[in-house]
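Written out below as C-alpha cells is the structure these notes cover.
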Amino acid sequence: MPSSTHAGSRHTGRESARPNPITRQCVADAYLFAFNGSITSALSRLNETSHEPDPIDRVHLGCATTHLLHLDGQSEEALRTLEDDVFPLVDQFATNLREVIDYNRTIVATDCGDFPSQAEMERHNSLVDRRASVGFESGDPSKLLNADRAAANGKLYDALPIYTSAFYDAFNTYDWSAWKQAAGRLSGAVLQLGDVSQATFYACISEDDGVVDRIVRHLVARNDPDVIGIALKMLKRKANLQRHRLMAFKFVAGLDDAVPDRAADEWSSLCRSYRCQSNSGFRTKPMFDAAWKLSYAVAPALSRDAANLLAEDALNHPDWDYVPFRKQWIHRVLFETGVHHSESLAARVVDVVVPCAKPPLENDFEFAAHLLAKIYAQRPVLRDQIRNTLFPSGEVVSPHLARLGHRFDVEIPRDDFETYMGQAHGLLDSQISAGGISMGQDINVLLLIFALKDRLQQDQIDGIVGRMLDLIEHPRNANTNRSRMIHCTTLLIENVGLETGRRATQLYATYAADHRVDGHPLINAAEEEHPLNPFRMGSASGWPQEVRGEALIALGVAASQAEIVEGLDLESLFRAALDDPNPAVRRDACVAVNRAISVSCDLLRVVLIRAADPAIEVADVALQVLAYRSQDVADLALAGSALAVASTQAGHADPSVRAAAAKVIASIRRMPPSTLTPAENRQLDAVAERLATDVARSVRRNLIDTEV
C-alpha cells in the first residue's frame, strides 16, 4: 500500500487553508446529498467546479470525497483519492491540516484490509507519537471539559454552543475523529432537550455504540411508541451511508421487542441484502452481525410473508457449510418465525438444522436441538422424519440428544444406558484425577444419567452423588466446575439415601453461607462485584458468588425433604443471602425461595422488598417469584403489597422488569376480586390498562398470556 512522502514533514508551509466560498458550498451540498441517500449525486457535485480550483480547494474537495467514500464503505477508492489527489498538495499547507489528513489516511487504510498490516500499524503509532511531540490538539479540551460539566448539571445553554462549535470546526477541518466525538456530545445534549430526531441523527454520525445505547435506553424507558416512530423515521431518512446504516441496524436491534409491529417488515427488508451476504471477512462481519441481530429482534412481529422470506434467507444462506461460521442468529430467526412456516418450509428447516444438532457438535448445537423439538411438537406430519434422522435405529446417539429423547418420544435402550453409565463414571474418574478443572460439553452425559435416574439403583445414585461431592470439595477445583457439580447433584437429591442426602445438604449449607467470612471454603477467592476487583469481564475459573448461588438453590430444592435438612437453619441462610450486597447472590436467593416447597410470610416479605431492588436482575427474578407463588401471596394476605410493588415497577425503565411486573399483575387478576379492596381493584385495572399499551411486546404478552 503506497504511503505519502509528506507524512513526516513538520515545516509550517502556507498557513492559510481556507477554501473558496464556492468550494465550501459544494462540499456542504455533497454531504447533504449523501446523507439523503444519493452518494452518486454527492460525488458528482464534488467534481463540478465553475472555476479552476487552487490547491487548497482541491485539497478540500479531495478530503470531502475521501470522507464520503469511507463512510459508504468504499475505502479502497477513498485511499486512492487521498494518495492521488490530496497528498501531492498537502505539504503546502499548515502543519495541523497535514496531521489531520495523515491521521485520516490511517483510518481509511485500516478499513481497506481484513486486518491492518504491520506497516500500517507502525505508521499509525508513529503518527500518534508525532502528534504528541508537536503538541497537536484537535479543538480546545478545556472548553469541552467545561461544556461536559455544564451539560451534566443541566446547563445546556452553556454546553450547546461549545459542542456545536466543536462539531462544525471539526467538519470544516476534516478531523473525522473530533467530528464523531462532537456528534456524540451533541446527541446527548439534544436528547436532554427532548429532540429525539436530532439526537438519533447525531448518534449515527458519532458511530459510537455507547451513544446509540443511551438513546435506545431513553426510548424504551420513555415507553412512547410515537417517539420511537420519530427516531425510526429519522434513521430511514438519514442513515444511508454504510457506516451510518450500521449504526441504524444496531439502534433497531437494541430496541428489541420495542420495535413497533408496523415497522418490523420494513426494517427486515432494509437489512436483507446484508444478512444474505457471506460472512467472509473482517470488513463484512459488523454489518452481517447487525443485520441478523435486527432480523431476530423483529422476527416475532413480522407478517407471514416477511417471516417466510426471512426463513428462506436463513435456509439459503451461503455460510451454512462454513464450519467457523456461528449459526446462532439463523437458528433463532427460524425458531421465532416457525409459526408461519408451511409444511414444505418446515421440512426444509428440518433437513438443514438436523446436522447442526448431531456430532461433531458446533457452538449452537443445543439451540438446534431445541428448534427441532419445537417443530416436532407443532408439526405431527414431520415427527417420523425428525425422530428417524436424529435417533437412527441401532445407533448409540450422543448424550446431549439422548437427554432430549423424551421430547421426541424416544425411549433410550437399556444397553445404550449402560454405555452412558460407563462414560459418566469415566468422566468422574478423570475429573477426580485432574482436580475437576473443566467439564465442557462432556457434562451432557451426566445430565442424561440424571434425566434417566429412575433406572438407577439406590447404591448407584449414592455413589455418583458422593463422587460429585468429593469433586466439589476438591481444593484444586475451579468454581465454574463446583457450581456445575452442585447443580447436577440437585437433580438427584430427591433420590439419594439419608446419609448421602445429609452430607450433600451440609455441603450446600457450607457454600451457601457468606463467602466473605472466615470459615467459608472460598473466602480468599476474588469476587466479581468487589469494588477493588479490576477484572469484571468474567473469569475462566468462575466466581465464589456463583458457587454460593447454586448452593442456595440446591438448599431450596432439598428443603422438600425434612429428614435431610434437619438441623439446618435454611430461613436464616436465605434471609442473609436476600440482604447480601452482591446482586448475583440476591438474585439466586430469590430463585432458592421459589424452589422451596413452603415459604414463611416473613421470607416472602423480603422477596417483596427485593422486587423493588435497584439491581435489574434481582427485581426481575423477585417479581417472577411473586407471580409464580401467587397462591402463597394470596394465602399470606400479601396481594395488596404485591400489587403496590408491581404498580411501581410497571413504570420501570427496563422492559424486562416491566415484563415481570406484568406477570405479577396477571397473577393477581386471576385471584378472586375479594382478595383486594375496591380501591386496590381499581388500581389493578389501571395498571393492567397501562401495561397493555407498553411498547415492549414481552410486557403485553405477559399481561395477557401468562399462565402461572
Side-chain angles (χ1 to χ4, degrees), residues 31 67 95-97 99-100 103-104 107 127-129 131-224 227-228 230-231 234-235 238-239 243-244 247 250-251 254-255 529-537 581 583 614-616 651-654:
Y31 276 86
H67 193 198
T95 302
N96 282 8
L97 181 60
E99 295 290 343
V100 166
Y103 192 78
N104 290 345
I107 297 174
L127 178 59
V128 171
D129 292 341
R131 286 160 66 100
S133 68
V134 300
F136 175 79
E137 291 284 357
S138 178
D140 189 331
S142 62
K143 284 186 177 180
L144 290 174
L145 179 60
N146 290 333
D148 290 342
R149 290 171 177 166
N153 292 323
K155 299 179 180 179
L156 296 176
Y157 48 82
D158 286 337
L160 268 175
I162 298 174
Y163 290 161
T164 304
S165 176
F167 180 80
Y168 286 109
D169 286 347
F171 174 82
N172 290 326
T173 57
Y174 303 99
D175 192 339
W176 302 349
S177 297
W179 190 57
K180 292 190 293 185
Q181 291 170 9
R185 286 182 161 97
L186 271 175
S187 177
V190 297
L191 184 65
Q192 284 183 259
L193 292 174
D195 191 340
V196 172
S197 180
Q198 284 300 304
T200 303
F201 173 70
Y202 288 126
C204 284
I205 292 178
S206 75
E207 299 181 43
D208 187 329
D209 291 351
V211 175
V212 169
D213 289 344
R214 178 174 57 200
I215 300 178
V216 168
R217 290 195 303 270
H218 171 85
L219 294 178
V220 174
R222 191 163 174 176
N223 203 0
D224 187 336
V227 177
I228 292 178
I230 290 172
M234 171 58 77
L235 290 174
K238 296 295 186 181
R243 297 180 74 89
H244 296 165
M247 304 313 297
K250 290 181 177 181
F251 192 106
L255 287 173
E529 281 84 8
H530 193 283
L532 298 181
N533 182 9
F535 304 104
R536 297 177 181 271
M537 72 290 291
I616 291 172
H652 198 279
D654 191 275

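Listed for the Thr200 side chain is a donor-acceptor partner under 3.5 Å among the backbone atoms of Val196. Between the Asp208 side chain and the Gly210 main chain, a donor and an acceptor come within less than 3.5 Å of each other. At distances below 3.5 Å, not a single donor-acceptor pair connects side-chain atoms of Asp654 with backbone N or O atoms of Ile616. For the pair Ser206 (side chain) and Ala203 (backbone), a donor-acceptor distance under 3.5 Å is present.
Rounded to the nearest 0.5 angstrom, Leu186 CG and Tyr168 OH are separated by 8.0 Å. With values rounded to the nearest 0.5 angstrom, Gln198 atom CD is found 11.0 Å from Leu193 atom CG. The line from CG of Asp209 to CE of Met247 is 4.5 Å long, rounded to the nearest 0.5 Å. Note that OG of Ser177 and CD of Glu207 are 9.5 Å apart. Values are rounded to the nearest 0.5 Å. For the atom pair NE2 of His67 and OH of Tyr174, the computed distance is 10.0 Å after rounding to the nearest 0.5 Å. In this structure, Asp195 CG and Met234 CE are separated by 7.5 Å, a value rounded to the nearest 0.5 Å.
Ala199 approaches Ile215 most closely through the heavy-atom pair O-CD1, 3.2 Å. Between Phe251 and Val216, the shortest heavy-atom contact is O-CG2, 3.6 Å. Here the closest non-hydrogen pair linking His244 and Ala239 is O-CB, 3.7 Å. Contact record, Val220 with Leu255: CG2-CD2, 4.1 Å, taken as the closest heavy-atom pair. Taking every heavy atom of both residues into account, Leu156 and Ala189 meet most closely at CD1-O, 3.6 Å. Contact detail for Thr173 and Val100: the closest heavy-atom pair is O-CG1, 3.5 Å.
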(message) Determine whether Trp179 and Asn172 satisfy the following criterion, side-chain contact (heavy atoms from CB on, under 4.5 Å), listing intermediate values before the conclusion.
(response) CA-CA 9 Å; Trp179 190 57; Asn172 290 326; over 6 Å; no

(message) Go through it in stages, so that I can follow the logic: the residues are Lys155 and Arg149, the test is side-chain contact (heavy atoms from CB on, under 4.5 Å), and I'd like the CA-CA distance, side-chain angles, deciding distance and then a yes or no.
(response) CA-CA 8 Å; Lys155 299 179 180 179; Arg149 290 171 177 166; over 6 Å; no

(message) Before you tell me yes or no, could you show the steps for Asn153 and Asp158 under side-chain contact (heavy atoms from CB on, under 4.5 Å), namely the whole-Å CA-CA distance, both residues' side-chain angles and the distance that decides it to 0.1 Å?
(response) CA-CA 10 Å; Asn153 292 323; Asp158 286 337; over 6 Å; no

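Taking the six-membered ring where tryptophan is involved, the planes of Tyr31 and Phe171 are perpendicular, since the angle between them exceeds 60° and thus also 30°.
For the pair Arg217/Asp213, a side-chain contact is recorded, criterion being any heavy-atom separation below 4.5 Å from C-beta on. When side chains are defined from C-beta on, Ile205 does not count as touching Ser187, because their heavy atoms never get closer than 4.5 Å.
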